[in-house]
Amino acid sequence: MNFSIRQEDTGDYELTEKVVQRAFVDADFSDKREHKLVSRIRKGNTFIPELSLVAVDANGKIAGHILLSKIKIKNSDQHIESLALAPVSVLPDYQNRGLGRQLILEALKRAKELDYQSVIVLGHPEYYPKFGFRKASELGINAPFDVPDEAFMAIELQDNAFQQFSGMVEYPNVFLE
Ligand SMILES: CC(C)(COP(=O)(O)OP(=O)(O)OC[C@H]1O[C@@H](n2cnc3c(N)ncnc32)[C@H](O)[C@@H]1OP(=O)(O)O)[C@@H](O)C(=O)NCCC(=O)NCCS
């Protein structure tokens, strides 16, 4: 089945959250609250409507969602803006058919077009490198909490986005509630 990717509308919010909740139902690392994270991010000032995307099938049914939102990377002298990829969700029945790939590649493309410099993700270390993510630590970027090194990853959207900068990611409070 063919899917198209489009920006999420406010009218999609309720359905999207159901998709997110169902996507994580069997994910063992999940706190089962990812749909609430999506809802909190949408209400705050780190939300970028253009980077909340849904995958819809030919009948308009939402089968997947991805959200990129603003975060900062700080060191003692300065900070730069970056994006967090969190979460990406595909309904269980639609998983492993390339939909996650389509959502991630489209979100990265749109973020690059909007001139964002980089994206950070905490997630499956075997999955995100398929799309160009590397261990963030190799790029001089550290997590603000204990996390397996290989699960904390980053991608530069513009050439050398992290050159001459190293620092620690600062997540907004919506991530910590
Ligand atoms: C993770 C998720 C978004 C991937 O979406 P998907 O549509 O199932 O994945 P795709 O079909 O695009 O997979 C692309 C590739 O990644 C692989 N892959 C899929 N899920 C993976 C996982 N959890 N870990 C490692 N590799 C994975 C696929 O086998 C495929 O490999 P290939 O390119 O060699 O064929 C989806 O499975 C999902 O919603 N899972 C539950 C929620 C979740 O874990 N979200 C991510 C939080 S970090």
Side-chain angles (χ1 to χ4, degrees), residues 1-8 12-42 46-48 51-71 82-112 116 118-139 141-155 157 169 171-172 174-177:
M1 185 178 279
N2 280 332
F3 293 91
S4 53
I5 310 277
R6 63 162 172 80
Q7 185 177 327
E8 185 192 35
D12 298 321
Y13 282 8
E14 208 176 319
L15 269 176
T16 302
E17 283 166 42
K18 289 202 172 105
V19 168
V20 174
Q21 189 172 20
R22 285 174 58 199
F24 280 88
V25 136
D26 292 324
D28 41 11
F29 56 85
S30 154
D31 64 3
K32 312 297 172 209
R33 291 167 49 85
E34 289 80 4
H35 59 297
K36 297 198 169 157
L37 173 65
V38 169
S39 171
R40 288 197 303 273
I41 291 174
R42 287 206 211 89
T46 61
F47 181 51
I48 307 161
L51 298 179
S52 185
L53 306 179
V54 289
V56 292
D57 70 12
N59 301 315
K61 179 184 164 185
I62 297 176
H65 171 253
I66 188 166
L67 182 57
L68 302 185
S69 61
K70 291 180 204 169
I71 52 171
S82 183
L83 298 172
L85 189 173
V88 54
S89 316
V90 173
L91 280 176
D93 286 352
Y94 294 86
Q95 288 176 11
N96 291 310
R97 297 195 210 169
L99 202 45
R101 168 185 296 276
Q102 214 182 317
L103 278 164
I104 291 168
L105 292 178
E106 185 64 25
L108 295 178
K109 177 170 160 270
R110 293 189 188 200
K112 186 172 177 169
Y116 287 98
S118 61
V119 181
I120 305 290
V121 69
L122 170 62
H124 308 297
E126 311 83 30
Y127 187 56
Y128 294 96
K130 293 177 195 290
F131 315 110
F133 283 87
R134 296 167 53 191
K135 280 200 273 186
S137 60
E138 288 175 356
L139 295 160
I141 307 302
N142 299 307
F145 36 68
D146 268 348
V147 61
D149 192 44
E150 63 279 9
F152 197 69
M153 292 166 273
I155 186 170
L157 298 178
V169 172
Y171 286 96
V174 284
F175 275 88
L176 312 172
E177 287 168 27

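Remember, predicted model here, so these are calculated numbers, not experimental data. All residue numbers refer to positions in the sequence shown, counting from 1. Read the numbers this way: they start at 1 and go in the same order the structure lists the ligands and their atoms.
- Ligand 1 has at least one atom lying under 4.0 Å from a heavy atom of G98.
- Of the protein's non-hydrogen atoms, N96 OD1, 3.5 Å is the one closest to atom 19 (C) of ligand 1.
- Residue K130 touches ligand 1 through its side chain alone, judged by heavy-atom distances below 4.0 Å.
- Under 3.5 Å, the side chains of S118 and S82 contain a donor-acceptor pair of N or O atoms.
- For ligand 1, none of its N or O atoms has an N or O atom of F29 under 3.5 Å away.
- Residue Y94 has no N or O atom closer than 3.5 Å to an N or O atom of ligand 1.
- Annotation: side chain of K61 is in contact with side chain of L91 (closest heavy-atom distance under 4.5 Å).
- Atoms OG and CZ, on S69 and R40 in that order, are 11.0 Å from each other to the nearest 0.5 Å.
- With respect to atom 14 (C) of ligand 1, the closest heavy atom belonging to the protein is Y127 CE1, 3.5 Å.
- For ligand 1, the polar-atom distance check finds no N/O of F131 at less than 3.5 Å from any of the ligand's N/O atoms.
- S137 is linked by a side chain to side chain contact (heavy atoms under 4.5 Å, CB included) to K135, N142, D149, counting only residues two or more places apart in sequence or in another chain.
- Within the model, atoms NE2 of H65 and CG of L99 stand 12.5 Å from one another, a figure rounded to the nearest 0.5 Å.
- For S89, no nitrogen or oxygen atom sits less than 3.5 Å from a nitrogen or oxygen atom of ligand 1, counting backbone and side chain alike.
- Ligand 1 has a nitrogen or oxygen under 3.5 angstrom from a nitrogen or oxygen of V90.
- Here the two rings, on Y127 and F133, have centers that are 6.0 Å apart or farther.
- Where the criterion is an N or O separation shorter than 3.5 Å, residue side chain and backbone included, Y128 fails it with respect to ligand 1.
- The nearest protein heavy atom to atom 35 (O) of ligand 1 is not closer than 4.0 Å.
- Residues E17 and R42 are paired through a salt bridge, judged by an N-O separation under 4.0 Å between the basic side chain and the carboxylate.
- The nearest heavy-atom contact from the protein to atom 25 (C) of ligand 1 is E126 OE1, 3.7 Å.
- Distances between N or O atoms of V88 and those of ligand 1 include at least one value under 3.5 Å.
- For atom 12 (O) of ligand 1, the closest non-hydrogen atom of the protein is R101 N, 2.8 Å.
- With hydrogens left out, the protein atom closest to atom 38 (C) of ligand 1 is Q95 NE2, 3.4 Å, a heavy atom.
- Checked against a 6.0 Å centroid threshold, the rings of F29 and H124 count as neighbours.
- Summary of contacts: the protein heavy atom closest to atom 41 (C) of ligand 1 is A23 O, 3.2 Å.
- Applying the salt bridge (charged side-chain N to carboxylate O under 4.0 Å, His left out) definition to pairs two or more places apart or across chains, those involving residues 94-106 are E106-K109, E106-R110.
- A heavy-atom distance below 4.5 Å is not found between the side chains of Y13 and S39.
- The protein atom (non-hydrogen) at minimum distance from atom 7 (O) of ligand 1 is G100 N, 2.7 Å.
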